[in-house]
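All residue numbers refer to positions in the sequence shown, counting from 1.
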Amino acid sequence: MKIDILTLFPEMIEGVLGQSIIGRAREFGLIAITAHNIRDYSPDKRRRTDDYPYGGGMGMVMQCEPLYQAWLAARQDQPVHTILMSPQGAPFCQQKAKELLARDRFILVCGHYEGVDQRFIDECIDEEISLGDFVLTGGEIAAAAIADAVCRMIPGVLAEDASFTEESHFAGLLEYPQYTRPEQWRGRNVPDVLLSGHHKNIQDWRRLQSLLRTQNRRPDLFAQLELTKEDQKLLSSEQSCGRQNE
């Protein structure tokens, strides 16, 4: 996997993606992430990359030419899918992370100030992605989050594939509750089933908890699920127990 990130603040990218699991994966050669400093491609001797907006208004706008030259350097004469981090983009999700994983290579562009000159977007950007319905001071946090979400699914980055396949959103469900030592903490106990050693019962409990969490917390996701007969049986059994306890 190769990811190029165009940014005004490469140290922000390295500060996140140069550490922990992703940092180790880069050291082992599983991932190549390069942060390109857009200022290095400015024709201005002061390395300026922004200017006042035509038509007036607040703030500054990122100029086309520094972005374009940085983009050319990153793509190296190869067609590369290019994404702009933008609050106007489609919300990022696990399905999009899977789609990007299949590409093997892509470019992330970090916007700043009041935005990016539309001509660069029209010329070079294939899609815009947002982390949600809010605005950040720049695209670095979003770019690092997207790169992390994609890279952790690369074989070998995590110890086992189950580390991400059982997590929230991977298969359309929220993850089940997790527990570790001690068995009792401030009067709260680990569920007995997790201490039983009965793998089938543990598996069923975890599946049920994922279903219930998704149903309660994200009914929009639950409505899209194709429940198996086993799922329906687990939910039905839980509902019956609930009625008996009333």
- Inspect the contact between Asp4 and Arg105 and indicate whether a charged nitrogen and a carboxylate oxygen are less than 4.0 angstrom apart. yes
Closest non-hydrogen contact found for Glu128 with Ile125 is CG-CG2, 4.2 Å
Mark yes or no for whether Thr214, through its side chain, and Phe222, through its backbone, hold a donor-acceptor pair below 3.5 Å. no
**Prompt:** Above 12 or not: heavy atoms from other molecules or residues under 6.0 Å from CG of Asp192?
**Reply:** no
Practice prompt. Evaluate side-chain contact (heavy atoms from CB on, under 4.5 Å) for Val150 paired with Arg103, printing each intermediate quantity in order.
Written response: CA-CA 10 Å; Val150 174; Arg103 289 188 174 277; over 6 Å; no
Check: Between Phe28 and Met153, is there a shared hydrophobic cluster once you connect ILVMFWY residues whose side-chain heavy atoms come closer than 4.5 Å?
Finding: yes
Q.
Any side-chain to backbone donor/acceptor pair from Asn216 onto Leu212? Under 3.5 Å, distance only.
A. yes
Closest non-hydrogen contact found for Ile38 with Leu6 is CD1-C, 3.7 Å
- Query: Can a cation-pi geometry be assigned to Arg39 and Phe9, taking NZ or CZ under 6.0 Å from the six-membered ring centre and within 45° of the ring axis?
  - Reply: yes
Inset, instruction - Take Gln69 and Asp40, measure what side-chain contact (heavy atoms from CB on, under 4.5 Å) needs, and give me the verdict at the end. - result: CA-CA 9 Å; Gln69 293 301 326; Asp40 293 342; over 6 Å; no
When you look at CZ of Arg48, are more than 12 heavy atoms from neighbouring residues, nucleotides or ligands closer to it than 6.0 Å? yes
Exactly one of Leu108, Asp126, Ile121 clears side chain to side chain contact (heavy atoms under 4.5 Å, CB included) with Thr82, and that residue is Asp126
- Message: Regarding Glu140 and Thr7, do their side chains bring together a donor and an acceptor under 3.5 Å, going by distance alone?
- Response: yes
### Query
Taking atom types as modelled and ignoring hydrogens, do the side chains of Asp220 and Gln224 form a donor-acceptor contact shorter than 3.5 angstrom?
no
Ala25 and Val157 have their tightest heavy-atom pair at CB-CG2, 3.9 Å
Quiz item: Quick one: do Val116 and Val61 end up in the same hydrophobic cluster if we chain Ile, Leu, Val, Met, Phe, Trp and Tyr together by side-chain heavy atoms under 4.5 Å apart?
Solution: no
Axial cation check for Trp205 ring with Arg207, 6.0 Å and 45° limits | no
Co-membership, hydrophobic cluster, residues Phe134 and Ile146, 4.5 Å side-chain | yes
Salt-bridged, Glu238 to Lys233, with N to O below 4.0 Å?
no
Checklist entry - Hey, mind stepping through Arg26 and Glu14 against salt bridge (Lys or Arg N to Asp or Glu O under 4.0 Å) and telling me if it holds? => result CA-CA 11 Å; Arg26 293 173 70 182; Glu14 290 299 332; 3.1 Å; yes
- [ ] Treat each ILVMFWY residue as a node, draw an edge where side-chain heavy atoms are under 4.5 Å apart, and state whether Ile21 and Leu101 are in one component.
- [x] yes
Query raised in the report: Is there side-chain contact between Pro43 and Pro66, with heavy atoms separated by less than 4.5 Å?
Result: yes
- [ ] Using a strict 4.0 Å threshold on nitrogen-to-oxygen distance, state whether Lys96 and Glu99 make a salt bridge.
- [x] yes
Could you see if Phe106 belongs to whatever hydrophobic cluster contains Leu131? Use Ile, Leu, Val, Met, Phe, Trp, Tyr and a side-chain cutoff under 4.5 Å. yes
Inspect the contact between Arg188 and Glu183 and indicate whether a charged nitrogen and a carboxylate oxygen are less than 4.0 angstrom apart.
-> no
Only one of Leu67, Ile83, Ile5 passes side chain to side chain contact (heavy atoms under 4.5 Å, CB included) with Val109, and that residue is Leu67
Within 6.0 Å of OH in Tyr52, more than 12 heavy atoms from elsewhere: no
Practice item. Assign the ring pair Tyr41 / His36 to parallel, tilted or perpendicular, where the plane angle (0 to 90°) is split at 30° and 60°. Key: tilted
Margin query: Under the criterion salt bridge (Lys or Arg N to Asp or Glu O under 4.0 Å), I'd like the reasoning laid out for Asp104 against Lys2: C-alpha separation, chi angles, the key distance, then a yes or no.
Written below: CA-CA 6 Å; Asp104 293 328; Lys2 178 173 175 54; over 6 Å; no
